[in-house]
Amino acid sequence: MGEVHKTHEAIKMSTLEMELALARTVQSNGQHYSLEKLANHTLQKAFVVIGINTAFSSRKRRDSLRQTWMPKGEKLRKLEKEKGIVIRFVIGHSATPGGVLDRAVDSEDAEHKDFLRLKHVEGYHELSTKTRLYFSTAVSIWDAEFYLKVDDDVHLNLGMLTSTLAKYRSKPRIYIGCMKSGPVLSQKEDKYYEPEYRKFGEDGNKYFRHATGQLYAISKDLAAYISINSPILHRYANEDVSLGSWLLGLEVEHVDERSMCCGTPPDCEWKAQAGNVCVASFDWSCSGICNSVRRMKEVHDSCGEGEGAVWNVDL
């Protein structure tokens with residue numbers, strides 16, 4: 001009975017956190033709602049929200065996903081309605097709102113209806129801010145069990161992803177990805193240079209363990225925590241490091257899930273033939289699939305689980 005009471009208290013706290021997250025996000029977006037209107041705001045139930053991080057210059061990458069592992073049109077909406085799997089390309093706005101870049105995305109969204117637009121100015125050095133805002137915005141729209149971020153040059157198998165996440169749905173605070181602990185780069189010419197490298201100790205030190213940025217998932221309570229505390233969460237140069245730092249001091253279970261970072265063929269192909277279908281595939285050397293526009297279909301044909309796999313997952 002004691003464990004049942006704890007579970008009920010955890011559920012009540014989670015609901016409160018989600019309501020606070022909604023209120024905080026609404027306020028930060030400059031929208032004003034009465035308490036009654038907030039109380040009547042019903043979040044859309046989902047199992048997982050998959051946010052695909054993308055940029056204005058990535059139209060061909062987005063199309064390569066729509067032609068392979070990401071459903072389109074009615075299939076996308078059916079997946080959302082019947083399986084609770086929400087998939088959106090995540091993008092903000094240009095520095096000149098309403099300009100040619102924004103109009104191009106507006107037109108693309110009108111055609112496909114698969115974008116989540118953030119109140120955020122796009123820029124490579126703003127990825128930590130974008131990640132923080134993605135989770136805050138997502139929890140204000142969807143009441144999901146998991147929230148996932150993936151780059152637009154990564155191949156996903158939705159069935160394997162869903163069944164993998166489902167194994168952890170009874171855990172309240174889960175952080176899932178391919179955990180790593182790379183060096184803190186202190187030279188400005190380095191691609192992943194960290195201006196605040198001194199915070200991590202002496203030269204040659206490594207980061208704390210965190211999920212690699214190509215793909216990671218967090219559970220509902222952690223997404224709500226990020227939303228509630230968004231204004232005081234520090235942003236480092238690298239967004240995967242930032243996320244890891246936000247969760248480091250919390251009672252969080254880190255899950256090192258290596259099927260989320262398989263290589264491209266032949267690696268993922270051999271694993272699939274052995275019955276170990278990968279959740280995700282990419283090339284470490286490119287931090288994504290090298291030449292992904294050209295090679296995404298090749299990876300999908302060799303390592304894809306089959307279109308029907310996600311429908312056979314019992315949630």
Side-chain angles (χ1 to χ4, degrees), residues 46-53 61 64-71 75 79 82-87 144-171 174-182 209-219 240 243-244 252-315:
F47 174 68
V48 60
V49 175
I50 301 172
I52 307 172
N53 194 38
R61 284 189 179 185
S64 75
L65 301 193
R66 294 181 182 118
Q67 293 161 6
T68 54
W69 62 262
M70 179 181 173
K75 288 184 178 180
L79 189 68
E82 297 186 14
K83 302 298 285 188
I85 301 171
V86 178
I87 308 175
E145 296 183 50
F146 297 95
Y147 299 83
L148 181 138
K149 175 260 176 180
V150 60
D151 288 340
D152 62 6
D153 55 355
V154 171
H155 181 270
L156 274 188
N157 279 318
L158 293 173
M160 279 304 300
L161 170 68
T162 306
S163 60
T164 298
L165 294 178
K167 293 188 297 185
Y168 302 102
R169 66 193 314 177
S170 63
K171 307 263 187 173
I174 289 288
Y175 172 32
I176 308 172
C178 291
M179 300 295 165
K180 66 174 185 177
S181 181
R209 288 186 70 76
H210 61 280
T212 187
Q214 290 88 348
L215 173 75
Y216 49 72
I218 58 176
S219 54
D240 53 351
L243 179 69
V252 173
E253 182 175 342
H254 289 54
V255 177
D256 186 17
E257 180 54 67
R258 306 315 291 181
S259 71
M260 294 174 77
C261 53
C262 295
T264 55
D267 180 49
C268 58
E269 189 173 21
W270 290 339
K271 290 174 180 173
Q273 290 172 355
N276 301 313
V277 177
C278 293
V279 171
S281 300
F282 59 87
D283 300 305
W284 285 104
S285 60
C286 296
S287 298
I289 295 176
C290 299
N291 302 312
S292 66
V293 171
R294 178 175 60 83
R295 295 183 58 232
M296 187 63 70
K297 189 175 187 307
E298 167 203 332
V299 176
H300 185 67
D301 290 344
S302 298
C303 305
E305 62 191 350
E307 187 177 340
V310 67
W311 298 100
N312 296 323
V313 178
D314 184 11
L315 295 175

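We're numbering straight along the sequence, starting at 1. No hydrogens, no waters, no symmetry mates; every other heavy atom, side chains included, goes into these values.
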Applying salt bridge (Lys or Arg N to Asp or Glu O under 4.0 Å), which residue pairs with at least one partner in residues 152-162 are found, sequence neighbours left out? R61-D152, R61-D153
Could you give all pairs that pass the salt bridge (Lys or Arg N to Asp or Glu O under 4.0 Å) test and reach residues 271-290, with sequence neighbours left out? D267-K271, D283-R295
Among I50, L79, I87, L156, side chain to side chain contact (heavy atoms under 4.5 Å, CB included) partner for M70: I87
Between the CG atom in N53 and the NZ atom in K149, the distance rounded to the nearest 0.5 Å is 5.5 Å
Audit row: H254, R209, side-chain contact (heavy atoms from CB on, under 4.5 Å) steps and yes/no: CA-CA 9 Å; H254 289 54; R209 288 186 70 76; 5.6 Å; no
Hey, what do you get for SG (C278) to CG (N157), rounding to the nearest 0.5 Å? 7.5 Å
Nearest heavy-atom contact between V299 and S281 is CG1-CB, 4.3 Å
Roughly how far apart are T264 OG1 and E269 CD, rounded to 0.5 Å? 10.5 Å
With sequence neighbours left out, write down each residue that passes ring pair (Phe, Tyr, Trp, His ring centres under 6.0 Å) with Y168, or none if nothing qualifies. none
Name of the residue among V277, L165, V310 meeting side chain to side chain contact (heavy atoms under 4.5 Å, CB included) with M160: V277
Is the closest side-chain heavy-atom distance between C268 and S302 below 4.5 Å? no
Hey, could you give me each pair passing ring pair (Phe, Tyr, Trp, His ring centres under 6.0 Å) that has a residue in residues 291-315? Not counting sequence neighbours. H155-H300
Taking side chain to side chain contact (heavy atoms under 4.5 Å, CB included) as the definition, give me every residue that meets it alongside Q67, ordered by chain and number, with sequence neighbours left out. D63
Residues passing the side-chain hydrogen bond (donor to acceptor under 3.5 Å, both in side chains) test with T212, sequence neighbours excluded, are Q214
Donor-acceptor pair, side chain of S219 and main chain of I174, under 3.5 angstrom: yes
When rounded to the nearest 0.5 Å, the distance separating OG of S292 from CD of E298 is 12.0 Å
So which atom in F146 and which in I176 form the shortest heavy-atom distance, rounded to 0.1 Å? CE2-CD1, 4.4 Å
Take L243 and H210, measure what side-chain contact (heavy atoms from CB on, under 4.5 Å) needs, and give me the verdict at the end. CA-CA 8 Å; L243 179 69; H210 61 280; over 6 Å; no
Under the rule for ring pair (Phe, Tyr, Trp, His ring centres under 6.0 Å), what residues qualify as partners of W284, not counting sequence neighbours? F282
Heavy-atom closest pair, residues A144 and V49: CB-CG2, 3.8 Å
What pairs of residues pass the salt bridge (Lys or Arg N to Asp or Glu O under 4.0 Å) test when at least one of them lies in residues 302-315, not counting sequence neighbours? K75-E307
What pairs with T68 under side-chain hydrogen bond (donor to acceptor under 3.5 Å, both in side chains), at least two apart in sequence or on another chain? none
Let me confirm one number: the CD1-CZ distance from I85 to F47, rounded to the nearest 0.5 Å. 7.5 Å
Strictly under 2.5 Å separating the two SG atoms? Check that for C261 and C178, please. yes
List in chain and number order the residues that pass side chain to side chain contact (heavy atoms under 4.5 Å, CB included) with V313, two or more places apart in sequence or in another chain; answer none if no residue qualifies. T162, S163, L315
Which value, rounded to the nearest 0.5 Å, describes the distance between Y216 atom OH and M260 atom CE? 11.0 Å
Residues that N291 engages under side-chain hydrogen bond (donor to acceptor under 3.5 Å, both in side chains), provided they are two or more places apart: none
Sequence-distant partners of S259, side-chain hydrogen bond (donor to acceptor under 3.5 Å, both in side chains), two or more places apart: E257
